[in-house]
> 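Handing you this structure, nothing more for now.
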Amino acid sequence: MTDAPPPPRPARRAWWRRVQRLPLSMMVASVLAALGIVQMSFQLGHMVYRSVTWSAETRQTLARVAALEQDRQVLQDAIRAANDPAYLEQLARCEGYVGKTEKVIVSSTAPPPRFPGDNCKALRVP
């Protein structure tokens with residue numbers, strides 16, 4: 001057996017170097033955490049923007065669908081009323097037609113119609 005001297009104790013400087021590296025690793029960790037916070041903030045902001053935009057577009061689309069449904073209902077009512085004599089008579093009067101036994105009386109002070117067939121307002125089919 002050899003009488004080898006015990007290994008030398010680490011110098012105080014080695015311990016101090018490890019302590020000196022701690023602030024550098026803390027700074028790197030802080031920078032990485034800050035970048036993560038910035039990225040997360042951007043992602044959350046983008047998500048909120050998309051959600052608000054999507055909600056507004058959904059409301060606009062639903063309003064347009066409701067208007068189209070109403071138009072479809074008006075057209076279906078017009079199809080049903082196409083053979084109704086009372087409705088057809090009302091449409092003819094709006095165009096300026098009169099019955100066989102009626103007389104046309106036009107006032108000299110009456111304003112001229114803006115458009116042909118402008119005698120009546122838009123009719124809602126009953």
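Numbering starts at 1 and runs along the sequence shown.
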> To the nearest 0.5 Å, tell me how far Leu88 CG sits from Arg93 CZ.
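Going from CG on Leu88 over to CZ on Arg93, the span is 13.0 Å.
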> Once rounded to the nearest 0.5 Å, what's the spacing between atom CE of Met27 and atom CG of Leu32?
12.0 Å
> Can you confirm whether Ile105 is buried at CD1, in the sense that more than 12 heavy atoms of other residues, nucleotides or ligands lie under 6.0 Å from that atom?
no
> Can you tell me how far apart CG (Leu62) and CZ (Arg64) are? Round to the nearest 0.5 Å.
12.5 Å
> Could you give the distance from CD (Gln39) to CG (Leu44), rounded to the nearest 0.5 Å?
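If I round to the nearest 0.5 Å, the distance is 10.5 Å.
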> Could you give the distance from CG (Leu91) to CG (Asp84), rounded to the nearest 0.5 Å?
10.0 Å
> Could you give the distance from CE (Met40) to CE (Met47), rounded to the nearest 0.5 Å?
9.5 Å
> Are the side chains of Gln73 and Glu69 in contact, using a 4.5 Å heavy-atom criterion?
no
